[in-house]
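Quick caveat, the model's predicted, so the values are computed rather than measured. Below, read A as the first sequence line, B as the second, and so on, with proteins coming before strands; counting in each chain starts at 1.
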There are 2 protein chains.
Amino acid sequence: MSDRDPFILKLETFATLDEGDRDLLRDRCRRVVSLRAKEEIVQEGTDPQVVHLVLSGYACRYKILADGSRQIVGFLLPGDFCDLHVFILDELDHNIATLTDCRLAVLSRDDITALCGRPRVARALWWSTLVDQAILREWLLNIGRRSADERVAHLLCELLERLRNVGLVSTDNTFTLPVTQGELADTLGLTVVHVNRMIRNLRDMSLIAISGRQISVRDVDGLKRFCGFRANYLHMDGARSGRDDLLAESEAFAMRVD
Amino acid sequence: MSDRDPFILKLETFATLDEGDRDLLRDRCRRVVSLRAKEEIVQEGTDPQVVHLVLSGYACRYKILADGSRQIVGFLLPGDFCDLHVFILDELDHNIATLTDCRLAVLSRDDITALCGRPRVARALWWSTLVDQAILREWLLNIGRRSADERVAHLLCELLERLRNVGLVSTDNTFTLPVTQGELADTLGLTVVHVNRMIRNLRDMSLIAISGRQISVRDVDGLKRFCGFRANYLHMDGARSGRDDLLAESEAFAMRVD
DNA sequence: CGCGTTGTTGAAATTCCTCAAGAATAGTGG
DNA sequence: CCACTATTCTTGAGGAATTTCAACAACGCG
């Protein structure tokens, strides 16, 4: 579908990489594993020694309560890193699992160190971590203060933008969302039943259309207006906003490789 | 109240700093501003050129919806950095304001660069960012999947641990929470009225006691059990867990200063 | 002392959940 | 390719949690 690797597309929304950066990235993402849907990638309490990067398919971070209820705390789309923090924190405080069949790149500590040796790439990894954080804040706002139908709409808007960014949305604003309504419920802090009704609402309002696992956003502006979606928290204008100029000067932010 | 600076206490829960590290930190935190309660520190959409660090008092990050409803997405306690991401992201996607009277250290870009020149301190700053992220995930779980009374209890447990960590909890598990119930509501995705009733519940169960702005946790284990609190997400055992050994080797993670 | 903010309580309304059951879809083995 | 099974989707009805509205008390501050 896209002629470029998703991780390069993603990092380039922030930083202008040169050919050497891209080659290094491609080279370090050679080790690939394939997983089926609903398999664990890393589990809470463990101290994993590798970093995963989604090449294709969807995965998620989640937490489980004692009573078995689950909260998904992050969607991992193609181009997203799963666990960049691995080398700082002692152990994972959440689980990571696939939602669909996935292809994942597996990066060792050496790989990450090598990537961090390139200032632009290092900065892009930092950026990626900070955007993840910004998404968490927006999700908190979403669950905490928006009504159920707005929550669903907002999540769809976010996925639309994030997937578009890695070339996975067709020109008519259609993308595949191979995720069950139960998983959406666990993401939005709702029940399956209610998610189902809210999706129906959005359909009845002709904001979206669904066939199989394909979601078409019929009225992008309408959907965004409906839930008050503003894309600023995704910080997708790094490379375009002139921030790029800082990079020459900003080797200060490269992580040192010895 | 405490004989040590809160930022040093906090960073030392993760890394064992040496005297040089501590001196540098103290030196770079000399520029102090004082703010009254409910004043803005930084606003959404701006690109601030300094980093703030809370020395005393409480502040918060928050987001506002078009209809005026607010979601607090983070508590900033003494020792917490407000905006370490400033030099990477183009503009802030949320606001930061004081909740109480505050003393804040103001750090310039040079200060941060200098701090990052010390591997242990740099790693501790990384750690601090990642813990903030872990807290966001836990809050998402809290709001998404716990009942209202459990949410309140969980927040109190978290504050107890975080404040204890910087020496602000007395031996009888009492701390000051100079925060209105309205602000708690905006934190927990509830209404003032309901927060009020939930606090009453916790009091009726003799889990906590409140006098003025003082909160006493009467039954720490009971409170934690009630809401299923597990402190693992705060990652407070960095320095103790032997992870410290890695530090010698881990200059790779220092951010380079030129 | 008076005024604005915060805390507290009641009652009604609403959102969202639970329970339950049937329909559609996808996956599996024969 | 079909039958069978499990998962997912869909809808209804009743119930619970939370909100809204409203009023008043308590507290803190000038």
Side-chain angles (χ1 to χ4, degrees), chain A residues 36-39 58 65 67-72 97-101 142-155 176-204 208-215 227, chain B residues 36-39 58 65 67-72 97-101 142-156 176-204 208-215 226-227:
Chain A
R36 306 303 306 272
K38 292 167 214 292
E39 287 194 86
Y58 294 4
L65 286 182
D67 69 357
S69 59
R70 176 172 77 155
Q71 177 68 42
I72 292 179
T98 59
L99 290 169
T100 69
D101 294 355
N142 205 31
I143 295 194
R145 284 294 179 232
R146 276 192 262 255
S147 63
D149 43 12
E150 291 169 338
R151 281 185 221 181
V152 176
H154 194 279
L155 179 62
T176 60
L177 188 62
V179 158
T180 69
Q181 294 185 2
E183 286 156 347
L184 289 180
D186 285 347
T187 306
L188 297 166
L190 299 169
T191 56
V192 203
V193 176
H194 208 56
V195 164
N196 184 283
R197 294 195 234 262
M198 298 302 107
I199 289 179
R200 155 165 286 284
N201 284 0
L202 296 179
R203 261 202 296 213
D204 291 349
I208 63 171
I210 301 182
S211 68
R213 324 239 82 158
Q214 296 287 112
I215 297 225
C227 60
Chain B
R36 306 304 305 272
K38 292 168 214 292
E39 285 194 89
Y58 293 4
L65 287 183
D67 69 356
S69 58
R70 176 172 76 156
Q71 176 68 43
I72 291 179
T98 58
L99 290 169
T100 69
D101 294 354
N142 205 30
I143 295 193
R145 286 292 178 234
R146 277 193 261 254
S147 64
D149 44 12
E150 291 169 338
R151 283 186 220 180
V152 176
H154 194 279
L155 180 63
L156 294 180
T176 60
L177 188 62
V179 156
T180 69
Q181 293 185 2
E183 287 157 347
L184 289 179
D186 285 346
T187 305
L188 297 166
L190 299 168
T191 56
V192 202
V193 176
H194 208 55
V195 165
N196 183 285
R197 294 195 234 262
M198 298 303 105
I199 289 179
R200 156 167 285 284
N201 284 0
L202 296 179
R203 261 201 297 212
D204 291 349
I208 62 171
I210 301 182
S211 69
R213 323 239 82 159
Q214 296 287 112
I215 298 226
F226 176 72
C227 60

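Residue-to-nucleotide proximity on DNA chain C shows that, of B:R197 and A:G189, the 5′-proximal contact is made by B:R197. Along DNA chain D, the nucleotide nearest to B:V195 and the one nearest to B:R36 differ in position, and the one closer to the 5' end is contacted by B:V195.
Counting only distance, with no hydrogens or angles, the side chain of A:T187 and the backbone of A:I72 share no donor-acceptor pair below 3.5 Å. Counting only distance, with no hydrogens or angles, the side chain of A:E39 and the backbone of A:A97 share no donor-acceptor pair below 3.5 Å. Proximity of a side-chain donor or acceptor of A:D101 to a complementary backbone N or O of A:R36 within less than 3.5 Å is not detected. Listed for the B:R151 side chain is a donor-acceptor partner under 3.5 Å among the backbone atoms of B:L188. Remark: side-chain polar atoms of A:T100 are not paired, donor with acceptor, to backbone N or O of A:A37 under 3.5 angstrom.
Here CZ of A:R197 is found 12.0 Å from CG of A:L190. Values are rounded to the nearest 0.5 Å.
In this structure, A:I210 places its CD1 atom 17 Å from P of C:dA24, rounding to the nearest Å. The separation between B:H194 atom NE2 and C:dA11 atom P is 17 Å, rounded to whole Å. Atom P of nucleotide C:dA24 and atom CD1 of A:I199 are separated by 18 Å, given to the nearest angstrom. The CG atom of B:D186 sits 11 Å away from the P atom of C:dT6 (whole-angstrom rounding).
Within the nucleic acid shown, A:V192 has no heavy atom closer than 4.0 Å to any nucleic acid atom. Within 4.0 Å (heavy atoms only), A:R203 reaches sugar-phosphate atoms of the nucleic acid but no base atom.
Between chain A and DNA chain D, the heavy-atom contact criterion of under 4.0 Å yields a 5' to 3' nucleotide range of D:dT8 to D:dA13.
Within the 4.0 Å cut-off from OP1 or OP2 of C:dT8, at least one side-chain nitrogen or oxygen of B:N196 is found. OP1 or OP2 of C:dG7 has not a single side-chain nitrogen or oxygen of B:R200 nearer than 4.0 Å. In this model, the phosphate group of C:dG4 is not approached by any side-chain N or O of B:K38 to a distance below 4.0 Å at OP1 or OP2.
Of the candidates B:I210, B:V152, B:I215, B:V152 is the only one forming a side-chain contact (heavy atoms from CB on, under 4.5 Å) with B:L202.
Side-chain contact between B:Q71 and A:R146 is absent, with no heavy-atom pair separated by less than 4.5 Å. Using a 4.5 Å heavy-atom threshold, the side chains of B:I199 and B:V195 count as touching.
DNA chain C is contacted by A:S147, A:A148 of residues 146-154 of chain A, taking any non-hydrogen atom closer than 4.0 Å.
Picking from C:dT9, C:dT18, C:dC16 the nucleotide with the shortest atom distance to the side chain of A:L190 gives C:dC16.
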